[in-house]
Amino acid sequence: MTVPTVLIHRDPTLLARAAAARLVTRIVDVQAARGGAALVLTGGGIGTAVLAELAATGARDAIDWGRLDLWWGDERFLPSGHPDRNETGARRALLDHVPLDPARVHPMPASDGPDGDDPEAAAERYAALLRAAARPEDHGPVPSFDVLMLGVGPDAHVASLFPEMPALYEEERTVVAVRGAPKPPPTRITLTLPAIRAAREVWLLAAGEAKADAVRLALSEAGPLAAPAAGAPGPPADAGPAGPGGGEQTAPGPGAHRLPLTLGETTGSRRCSDSVTTLRQIWGDRRTPEGGNAPNATAAHPHPHRGPARPAGRADRRAGRARRQHPQPVRPGGRRGRGGRVHRGRPARRSVAGRAGRRDRTGRGRRHHGGARPSARAGRRAHPGDAAGRPGAGRAALPAAGAGGAAARRVGDLGAGGGGAAGAPQRRLRPERRARTRRRRRPVPVL
Ligand SMILES: O=C1O[C@H](COP(=O)(O)O)[C@@H](O)[C@H](O)[C@H]1O
């Protein structure tokens, strides 16, 4: 199954800079390997901010702009040059400042374009353009985009695929018109999910408190109908053929169905490989080093099950002792992060469990020694706040994920297996078992 990669950055500006830096690297790498590269742009606040940061960085000169194809994931169907068009924003932020080959810039048609005010015809025109650009090795009606960026709306929409709307049912066409979109303007053109899934990498970009619920949905097993962002990374890798053209397999390449996602407004910068872990990290990081909830988190996410932070208790003191007995090495050049600060340099490789131990900066929680699967590890990543029912506390805190399916089971694991479950004492490992299980820990690269 595709495992999302989640990158969390301190604030939207850092997020945009980091995404821009990643874009440079990715495009340069692809161009070095294959000559050209294909990038799909998104509109919206953070998507445009990424382009502005790309324009601002000196590293942009490493890109061979003349060999970059630009496509759009969606467009508001408005006259050319309209300030609300995604194309207009992208041109202002980046395209007007770099030496692109105009023939390789492919905006979606405007409402005063060759098809006039006919979004269906305009969508078909764009689909034909994509089809013409697809090479035999793309095995489908669209090019295998190297990076496809998507903003995420507060309702978890991506591109112009809004929850419950007919475009989400599309299995054949790669581009469709959307009428009656809940977000203005109502008429739009959008890539469909099969076209999005043909990308080698899909990057979901979400910044700010208003997007946190959408991110939670995207990482849960909510279907794309309820949360279109959840459908962007594609079906499980072992689910067999899936791609534009119905059952015809696209061959999207080794990185396909990855879901790099960036969430702003949190602290730290880390990579993890388990969505439940990630959710816990997102929420966990909202706690201040002093043990209270960060004020913005509390205000913007009123969860009925979240209780107030409680003072450190017995389990917390035990965790502090464990940490002192097993200090985590810090690589020269990096430093241990604390809430609200950025990690400098590239932290040492360390395991999920190791990160979990470090994450508890106040002496609460405990260091984990188990070699269990990630969800169980996450479950044992106890935090006293869990007992108080704060949003790391499994099903109760993640209503959508808890609604059913495997996510519910995983989330359930968190509550049941988690030492943080109310009143559940945490199992202490004998020293020799600690050593054994520590050896089994799989290092997970972090940023
Ligand atoms: O309407 C749109 O909204 C989304 C998200 O925009 P944001 O301002 O909330 O970041 C965007 O990704 C999409 O391309 C756009 O057409």
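Atoms within a ligand are numbered from 1 in the order they appear, just like the ligands themselves.
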Distance-only donor-acceptor pairs under 3.5 Å for side chains of residues 41-53, two or more places apart:
residue : atom : partner : partner atom : Å
Thr42   : OG1  : Gly151  : N            : 3.0
Thr48   : OG1  : Gly44   : O            : 2.7
Glu53   : OE1  : Arg17   : NE           : 3.4

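Remark: Asp64 pairs with Arg67 by the side chain to side chain donor-acceptor pair (under 3.5 Å) rule, at least two apart or across chains.
Checking only distances, Phe162 never comes within under 3.5 Å of ligand 1, N or O to N or O. Checked by distance only, ligand 1 and Gly45 come closer than 3.5 Å through their nitrogen or oxygen atoms. In terms of N/O distances under 3.5 Å, ligand 1 is approached by Lys211.
Look at Thr42 and you'll find a heavy atom under 4.0 Å from some atom of ligand 1. The shell of residues lying under 4.0 angstrom from ligand 1, judged by heavy atoms, includes Arg188.
Contacts between His157 and ligand 1, counted as non-hydrogen atom pairs separated by less than 4.0 Å, involve the side chain only. Residue-level proximity to ligand 1 for Asn86 is carried by the side chain, the only part with a heavy atom below 4.0 angstrom.
With a 4.5 Å cut-off on side-chain heavy atoms, Asp74 and Ile189 do not count as touching. Within the 4.5 Å cutoff, the side chain of Tyr169 has heavy atoms near those of the Leu225 side chain.
Side chain to side chain, Ser80 and Asp112 fail the donor-acceptor criterion of an N or O pair below 3.5 Å.
Atom numbering of ligand 1 starts at 1 in the shown order; those under 4.0 Å from a heavy atom of Ala159 are 13 (C). Listed by number with element, the atoms of ligand 1 under 4.0 Å from a non-hydrogen atom of Gly43 are 11 (C), 12 (O), 14 (O).
Between the Tyr126 side chain and the His106 main chain, a donor and an acceptor come within less than 3.5 Å of each other. The backbone N or O of Glu75 lies less than 3.5 Å from no partner atom in the side chain of Arg85, so there is not a single donor-acceptor pair.
For atom 16 (O) of ligand 1, the nearest non-hydrogen atom of the protein is Asp74 OD2, 2.5 Å.
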